[in-house]
Amino acid sequence: MYIWRMELPIIIVNFKLYEQAAGNADPEALVRVSSAVELAKVHERVAKETGANIAVAVNAVDLAQVCNNVEIPVFAQHIDPISYGSYTGHVLPETVRDVGVIGTLLNHAEYQIDDEVLRQSIDRAKDVGLYVVACANDAEAAEKIVGYGPDLVAVEPPELIGGDVSVSVADPDVIKKSVEKLGEGKVLVGAGVKNGEDVRIALKLGASGVLLASGVTTAENPYEVLMDLVSGLK
Ligand code: G3P
């Protein structure tokens, strides 16, 4: 079954640069075994077993290898608003697309860019056919950012990122407010999301999915966590 597509509701797991999701899965091996690939395969397994929409957001170095190894949507964590030419150390949207990436996160709380750069980045991403999930700290920022034309806005209260209490439990109002302002089919929410109940609450309040990281990347058993998360999509 080939499931390389973007459909809602969706669970997007941002691998960030957690060692479990960006490191070497087998330091004894002669050639690096990409943890990103290994973890992405767990996501693919859950997506195939359950039919759930699950995507992964991977660091730039591992993107091509992950795309070559799984049939679920793969996102870049960032792209720059540039074209081919005299740039050093930037992430070129065309290259990202050409290795098989479906979309990109932009303006993550850990990589915020100013409004003009965000606007240009969204335009460049759309030019090359990348799906855009732009991040916002709150409902007001989400309302502004949706005007720049991303496909989805992921609302993540920064103070809850990486914590033990989810946005669904700690701040359901930000979900409600964001959906009221942007409408259904436009809002993902994230920060502290860990289980199916967090997903269920988010969807009940009108979100189209969740963006999360540590709940899966640092879990002892990511497969079990993903199965639980997916249960909240129903
Ligand atoms: O991009 C997802 C993120 O910032 C939320 O992180 O660890 O709270 O799920 P976490």
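Side chains are part of it too, since the values below use all heavy atoms of this structure and drop only hydrogens, waters and symmetry mates.
The two atoms that bring S34 and Q65 nearest to each other are CB-OE1, 3.7 Å, heavy atoms only. Nearest approach of A76 to V96, heavy atoms of both residues: CB-CG1, 3.9 Å. A25 and S35 get closest at one heavy-atom pair: N-OG, 3.3 Å. What you find for L203 and S208 is that their closest heavy atoms are CD1-C, 4.4 Å. Taking every heavy atom of both residues into account, L8 and I10 meet most closely at CD2-CG2, 3.8 Å. For the pair V33 and A29, the tightest heavy-atom approach, listed with the atom from each and the gap, is CG2-CB, 4.0 Å.
In this pair, H43 and F15 present their aromatic rings tilted. The plane angle is within the 30 to 60° band.
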*Run the side-chain contact (heavy atoms from CB on, under 4.5 Å) check on E156 and L211 step by step: do they pass?*
CA-CA 8 Å; E156 301 193 313; L211 175 63; 3.4 Å; yes
*List the steps, then state whether side-chain contact (heavy atoms from CB on, under 4.5 Å) holds for E116 with R119.*
CA-CA 5 Å; E116 193 43 38; R119 239 185 242 269; 3.6 Å; yes
*Show the numbers, then the answer: is there a side-chain contact (heavy atoms from CB on, under 4.5 Å) between Y131 and L152?*
CA-CA 9 Å; Y131 194 98; L152 293 169; 3.5 Å; yes
*Walk me through it: do K41 and V37 pass the test side-chain contact (heavy atoms from CB on, under 4.5 Å)?*
CA-CA 6 Å; K41 283 182 180 166; V37 171; 3.8 Å; yes
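The distance from atom CG of L226 to atom CG of L39, rounded to the nearest 0.5 Å, is 7.5 Å. The distance from atom CG of N195 to atom OG of S168, rounded to the nearest 0.5 Å, is 8.5 Å. Rounding to the nearest 0.5 Å places CD of E140 at 8.0 Å from OG of S178. Note that CD1 of I79 is 7.5 Å distant from CZ of R124, once rounded to the nearest 0.5 Å. One distance of note links CG of L63 with CZ of R97; it measures 14.0 Å at 0.5 Å rounding. With values rounded to the nearest 0.5 angstrom, H90 atom NE2 is found 7.5 Å from T88 atom OG1.
Hydrophobic clustering places V99 together with V132 (ILVMFWY residues linked when any side-chain heavy atoms are closer than 4.5 Å, directly or through intermediates). Taken together through direct or relayed side-chain contacts under 4.5 Å among Ile, Leu, Val, Met, Phe, Trp and Tyr, V91 and I113 form part of one hydrophobic cluster. No path of Ile, Leu, Val, Met, Phe, Trp and Tyr side chains, each step under 4.5 Å between heavy atoms, connects V56 with Y18, placing them in separate hydrophobic clusters. Residues I161 and V187 do not share a hydrophobic cluster, defined by chaining ILVMFWY side chains whose heavy atoms lie under 4.5 Å apart.
Screening N107, D115, D123 for a side chain to side chain donor-acceptor pair (under 3.5 Å) involving Y148 leaves a single residue, D115.
Annotation: side chain of V174 is in contact with side chain of P157 (closest heavy-atom distance under 4.5 Å). Residues R45 and Y223 have side chains in contact (heavy-atom distance under 4.5 Å, counting atoms from C-beta outward). A heavy-atom distance below 4.5 Å is not found between the side chains of V58 and V101. In this structure, I82 and L92 have side chains that are in contact, with non-hydrogen atoms separated by less than 4.5 Å. Put simply, the side chain of E110 does not reach to within 4.5 Å of the side chain of Q77, judged on heavy atoms. A 4.5 Å side-chain heavy-atom check between Q20 and E38 finds every atom pair outside the cut-off. Looking at heavy atoms from C-beta onward, V13 lies in side-chain contact with L212 at the 4.5 angstrom threshold. Between D198 and V210, the closest side-chain pair of non-hydrogen atoms is not below 4.5 Å.
Between the N53 side chain and the E7 main chain, a donor and an acceptor come within less than 3.5 Å of each other. Within the 3.5 Å criterion, the main-chain N or O of E71 finds a donor-acceptor partner in the side chain of E44. A donor-acceptor contact shorter than 3.5 Å links the side chain of K186 to the backbone of P150.
Taking 4.0 Å as the cut-off between side-chain N and carboxylate O, K177 and E180 do not count as a salt-bridged pair. Salt-bridge formation is detected for the pair D151/K126: a Lys NZ or Arg NE/NH1/NH2 atom is positioned less than 4.0 Å from an Asp or Glu carboxylate oxygen. Checked for salt-bridge contact, R200 and E197 meet the test: a charged N lies under 4.0 Å from a carboxylate O. We find that R32 and D62 are joined by a salt bridge, their nearest charged nitrogen and carboxylate oxygen being less than 4.0 Å apart.
When the shell of 6.0 Å around CD of E220 is examined, it contains 12 or fewer heavy atoms from other residues, nucleotides or ligands. Annotation for E184: atom CD does not count as buried by contact number, only 12 or fewer foreign heavy atoms lying within 6.0 Å.
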